Amino acid sequence: QDGLASNRVYAVFQDRDGNLWFGTWGSGVTRYDRAGRNRLNDSQDRSPPPNPGESTGKGTFTTFTAQDGLLKTHVAYAIEARNGDILVAYFEAQGFSRIRIQDGRLQVVQHLDETHPVAREKVYMLGEDSKGRVWVGTGQGVFVLNAEKIERFVAGRTFATFNSDEAILDAVLFNLQVIGEAVRNLS
(Lines give C-alpha, C1' and ligand atoms only; values in the text may rest on other atoms or scores of the structure.)
Protein backbone atom coordinates (compact mmCIF):
# COMPACT_ATOMS: atom_id res chain seq x y z
CA GLN A 1 0.00 0.00 0.00
CA ASP A 2 3.02 2.31 0.38
CA GLY A 3 1.23 4.68 2.73
CA LEU A 4 -2.10 4.69 0.94
CA ALA A 5 -4.98 3.78 3.21
CA SER A 6 -6.48 1.55 0.52
CA ASN A 7 -5.37 -0.02 -2.77
CA ARG A 8 -8.81 0.68 -4.28
CA VAL A 9 -8.31 4.20 -5.68
CA TYR A 10 -11.07 5.82 -7.75
CA ALA A 11 -9.95 9.45 -7.92
CA VAL A 12 -6.56 11.10 -8.27
CA PHE A 13 -5.69 14.77 -8.69
CA GLN A 14 -2.85 17.16 -7.97
CA ASP A 15 -3.59 20.32 -5.99
CA ARG A 16 -2.06 23.75 -6.53
CA ASP A 17 0.68 23.00 -3.98
CA GLY A 18 1.78 19.86 -5.82
CA ASN A 19 0.20 17.42 -3.36
CA LEU A 20 -1.46 14.32 -4.79
CA TRP A 21 -4.93 13.38 -3.50
CA PHE A 22 -6.43 9.90 -3.75
CA GLY A 23 -10.12 9.08 -3.31
CA THR A 24 -10.40 5.52 -2.01
CA TRP A 25 -12.98 2.84 -1.39
CA GLY A 26 -13.51 2.53 2.35
CA SER A 27 -10.70 4.82 3.50
CA GLY A 28 -11.77 8.34 2.53
CA VAL A 29 -9.17 10.56 0.89
CA THR A 30 -5.40 10.38 1.25
CA ARG A 31 -3.13 13.36 0.60
CA TYR A 32 0.46 12.68 -0.48
CA ASP A 33 2.93 15.50 0.09
CA ARG A 34 5.89 14.50 -2.10
CA ALA A 35 8.42 16.59 -0.23
CA GLY A 36 7.21 15.60 3.23
CA ARG A 37 6.90 19.27 4.18
CA ASN A 38 3.24 19.41 5.21
CA ARG A 39 2.84 16.68 7.80
CA LEU A 40 -0.51 17.39 9.42
CA ASN A 41 -0.78 15.35 12.60
CA ASP A 42 0.35 11.97 13.82
CA SER A 43 -3.14 10.48 14.12
CA GLN A 44 -3.74 10.97 10.39
CA ASP A 45 -0.19 10.26 9.25
CA ARG A 46 0.29 7.02 7.30
CA SER A 47 3.88 7.69 6.33
CA PRO A 48 6.24 4.75 6.51
CA PRO A 49 8.73 4.56 9.42
CA PRO A 50 11.30 5.40 10.68
CA ASN A 51 10.28 9.00 11.47
CA PRO A 52 6.48 9.20 11.73
CA GLY A 53 6.52 12.66 13.34
CA GLU A 54 9.10 14.32 11.07
CA SER A 55 9.69 15.02 7.42
CA THR A 56 11.50 12.13 5.80
CA GLY A 57 12.10 13.96 2.55
CA LYS A 58 10.42 10.96 0.93
CA GLY A 59 6.90 12.30 1.17
CA THR A 60 4.12 11.95 3.69
CA PHE A 61 0.69 10.38 3.45
CA THR A 62 -2.24 11.83 5.41
CA THR A 63 -5.65 10.14 5.37
CA PHE A 64 -9.02 11.75 6.10
CA THR A 65 -12.08 9.64 6.90
CA ALA A 66 -15.57 10.03 8.37
CA GLN A 67 -13.89 10.44 11.76
CA ASP A 68 -12.31 13.63 10.38
CA GLY A 69 -15.58 14.95 8.94
CA LEU A 70 -16.26 13.24 5.61
CA LEU A 71 -19.83 11.99 5.19
CA LYS A 72 -18.67 8.56 4.01
CA THR A 73 -15.39 6.75 3.40
CA HIS A 74 -16.22 5.46 -0.10
CA VAL A 75 -14.96 8.34 -2.27
CA ALA A 76 -15.87 8.16 -5.93
CA TYR A 77 -14.60 11.50 -7.17
CA ALA A 78 -12.58 14.46 -5.89
CA ILE A 79 -11.28 17.71 -7.36
CA GLU A 80 -9.74 20.96 -6.19
CA ALA A 81 -11.91 24.07 -6.60
CA ARG A 82 -10.43 27.35 -7.79
CA ASN A 83 -10.32 28.69 -4.23
CA GLY A 84 -8.33 25.66 -3.01
CA ASP A 85 -11.25 23.82 -1.39
CA ILE A 86 -11.50 20.09 -2.12
CA LEU A 87 -14.81 18.75 -3.45
CA VAL A 88 -15.43 15.12 -2.49
CA ALA A 89 -18.22 12.96 -3.96
CA TYR A 90 -19.20 9.59 -2.53
CA PHE A 91 -20.28 6.25 -3.97
CA GLU A 92 -23.45 6.58 -1.90
CA ALA A 93 -26.19 9.03 -2.98
CA GLN A 94 -24.97 11.82 -0.69
CA GLY A 95 -24.15 14.60 -3.12
CA PHE A 96 -20.73 15.97 -2.27
CA SER A 97 -18.77 17.74 0.47
CA ARG A 98 -16.58 20.82 0.29
CA ILE A 99 -13.55 20.55 2.60
CA ARG A 100 -10.26 22.34 3.19
CA ILE A 101 -7.16 21.88 5.28
CA GLN A 102 -6.92 24.61 7.89
CA ASP A 103 -4.52 24.74 10.84
CA GLY A 104 -3.42 21.18 10.09
CA ARG A 105 -6.94 19.74 10.25
CA LEU A 106 -9.69 18.86 7.81
CA GLN A 107 -12.39 21.54 7.99
CA VAL A 108 -15.83 20.87 6.54
CA VAL A 109 -16.90 23.93 4.57
CA GLN A 110 -20.17 22.40 3.37
CA HIS A 111 -22.11 19.16 3.39
CA LEU A 112 -25.24 19.41 1.28
CA ASP A 113 -28.25 18.92 3.56
CA GLU A 114 -31.25 16.76 2.65
CA THR A 115 -33.19 19.73 1.22
CA HIS A 116 -30.57 20.31 -1.47
CA PRO A 117 -31.50 18.57 -4.76
CA VAL A 118 -27.96 17.25 -5.32
CA ALA A 119 -27.75 15.73 -1.81
CA ARG A 120 -30.06 12.90 -2.88
CA GLU A 121 -28.03 12.06 -5.98
CA LYS A 122 -25.16 9.73 -6.77
CA VAL A 123 -22.45 12.00 -8.17
CA TYR A 124 -20.42 10.62 -11.08
CA MET A 125 -18.40 13.70 -12.06
CA LEU A 126 -17.52 17.09 -10.63
CA GLY A 127 -16.09 20.12 -12.38
CA GLU A 128 -15.75 23.84 -11.94
CA ASP A 129 -15.87 26.41 -14.72
CA SER A 130 -14.06 29.75 -15.05
CA LYS A 131 -16.98 31.53 -13.32
CA GLY A 132 -16.66 29.34 -10.23
CA ARG A 133 -19.85 27.37 -10.95
CA VAL A 134 -19.70 23.74 -9.87
CA TRP A 135 -20.98 21.25 -12.49
CA VAL A 136 -22.25 18.00 -10.98
CA GLY A 137 -22.90 14.96 -13.20
CA THR A 138 -25.47 12.59 -11.70
CA GLY A 139 -27.71 9.74 -12.81
CA GLN A 140 -30.53 12.30 -13.00
CA GLY A 141 -28.83 14.86 -15.21
CA VAL A 142 -26.34 17.66 -14.68
CA PHE A 143 -26.69 20.23 -11.93
CA VAL A 144 -24.92 23.59 -12.15
CA LEU A 145 -24.44 25.27 -8.78
CA ASN A 146 -23.53 28.83 -7.96
CA ALA A 147 -24.28 31.14 -5.04
CA GLU A 148 -27.63 32.32 -6.43
CA LYS A 149 -29.22 29.30 -8.04
CA ILE A 150 -29.13 25.68 -9.10
CA GLU A 151 -29.80 24.73 -12.71
CA ARG A 152 -30.58 21.23 -13.88
CA PHE A 153 -30.07 19.90 -17.39
CA VAL A 154 -31.69 16.66 -18.54
CA ALA A 155 -32.27 14.92 -21.85
CA GLY A 156 -31.18 17.85 -24.00
CA ARG A 157 -33.12 20.59 -22.18
CA THR A 158 -32.86 22.78 -19.11
CA PHE A 159 -35.39 21.51 -16.65
CA ALA A 160 -35.48 23.91 -13.77
CA THR A 161 -33.76 26.59 -11.82
CA PHE A 162 -33.99 25.94 -8.08
CA ASN A 163 -33.74 28.20 -5.13
CA SER A 164 -33.76 26.94 -1.57
CA ASP A 165 -37.53 27.45 -1.12
CA GLU A 166 -38.66 25.58 -4.19
CA ALA A 167 -36.00 22.88 -4.54
CA ILE A 168 -37.98 19.95 -3.15
CA LEU A 169 -41.22 20.85 -4.95
CA ASP A 170 -39.44 21.25 -8.29
CA ALA A 171 -37.61 17.95 -7.84
CA VAL A 172 -40.88 16.15 -7.09
CA LEU A 173 -42.64 17.77 -10.06
CA PHE A 174 -39.73 16.89 -12.33
CA ASN A 175 -39.78 13.25 -11.23
CA LEU A 176 -43.54 13.09 -11.79
CA GLN A 177 -43.05 14.58 -15.26
CA VAL A 178 -40.36 12.01 -16.15
CA ILE A 179 -42.48 9.14 -14.82
CA GLY A 180 -45.48 10.39 -16.80
CA GLU A 181 -43.41 10.60 -20.00
CA ALA A 182 -42.06 7.08 -19.44
CA VAL A 183 -45.55 5.66 -18.89
CA ARG A 184 -46.85 7.37 -22.05
CA ASN A 185 -43.93 5.99 -24.05
CA LEU A 186 -44.61 2.45 -22.82
CA SER A 187 -48.27 2.60 -23.90
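On a predicted model such as this, the values are computed, not experimentally measured, just so you know. Computation of the quantities below employed the complete heavy-atom set of this structure, encompassing side-chain atoms and omitting hydrogens, waters and symmetry-equivalent molecules. In what follows, residues are counted from 1 in the order of the sequence shown.
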Given a cutoff of under 4.5 Å between side-chain heavy atoms of I, L, V, M, F, W and Y, with clusters grown through shared members, what are the other residues clustered with Y10? W25, F91
Can Y32 and N19 be said to form a side chain to side chain contact (heavy atoms under 4.5 Å, CB included), step by step? CA-CA 6 Å; Y32 176 62; N19 300 306; over 6 Å; no
Quick check against the 3.5 Å criterion: does R98 have a side-chain atom that pairs as donor or acceptor with the backbone of D85? no
Is a donor on one side and an acceptor on the other found under 3.5 Å between the side chain of R100 and the backbone of R105? no
Contacts of V9 that satisfy side-chain contact (heavy atoms from CB on, under 4.5 Å) - sequence neighbours left out: L4, V12, F22, T24
Looking only at heavy atoms, the pair that brings I150 and P117 closest together is CD1-CD, 3.9 Å
When rounded to the nearest 0.5 angstrom, what distance separates CG in L126 from CD1 in I79? 5.0 Å
Ignoring hydrogens and geometry, is there a side-chain-to-backbone donor-acceptor pair from Q94 to R120 under 3.5 Å? no
Can you sort out the partners of H111 under side-chain contact (heavy atoms from CB on, under 4.5 Å), two or more places apart, ordered by chain and number? L71, Y90, S97, V108
Any side-chain heavy atom of V144 sitting closer than 4.5 Å to one from V134? no
Does L20 share a hydrophobic cluster with F61, counting links as ILVMFWY side-chain heavy atoms below 4.5 Å and allowing steps through other members? yes
Starting from the C-alpha separation in whole Å, work towards a yes-or-no answer on side chain to side chain contact (heavy atoms under 4.5 Å, CB included) for T30 and T62. CA-CA 5 Å; T30 296; T62 306; over 6 Å; no
What heavy-atom pair brings A76 and K122 nearest, and what distance separates the two atoms? CB-NZ, 3.7 Å
With sequence neighbours excluded, tell me which residues meet ring-ring contact (aromatic ring centres under 6.0 Å, His included) with W135. none
Looking only at heavy atoms, what is the nearest atom pair of T138 and Y124, with distance? C-CD1, 3.7 Å
Results of salt bridge (Lys or Arg N to Asp or Glu O under 4.0 Å) for R133 - residues two or more places apart only: D129
Which residues satisfy the salt bridge (Lys or Arg N to Asp or Glu O under 4.0 Å) test with R8, sequence neighbours excluded? none
State which residues pass side-chain contact (heavy atoms from CB on, under 4.5 Å) with F13; sequence neighbours excluded, sorted by chain then number. D15, W21, A78, E80, I86
Chi angles and distances behind the side chain to side chain contact (heavy atoms under 4.5 Å, CB included) call for F143, E151: CA-CA 6 Å; F143 291 84; E151 293 180 276; over 6 Å; no
Do E121 and H116 touch side chain to side chain, with heavy atoms closer than 4.5 Å? no
Restricting to side-chain contact (heavy atoms from CB on, under 4.5 Å), what partner residues turn up for T65, sequence neighbours left out? T63, Q67, D68, T73
Assess the residue pair V88 and Y77 against the criterion (side chain to side chain contact (heavy atoms under 4.5 Å, CB included)); give the C-alpha distance rounded to whole Å, side-chain angles, the decisive distance to 0.1 Å, and a yes or no. CA-CA 6 Å; V88 178; Y77 205 82; over 6 Å; no
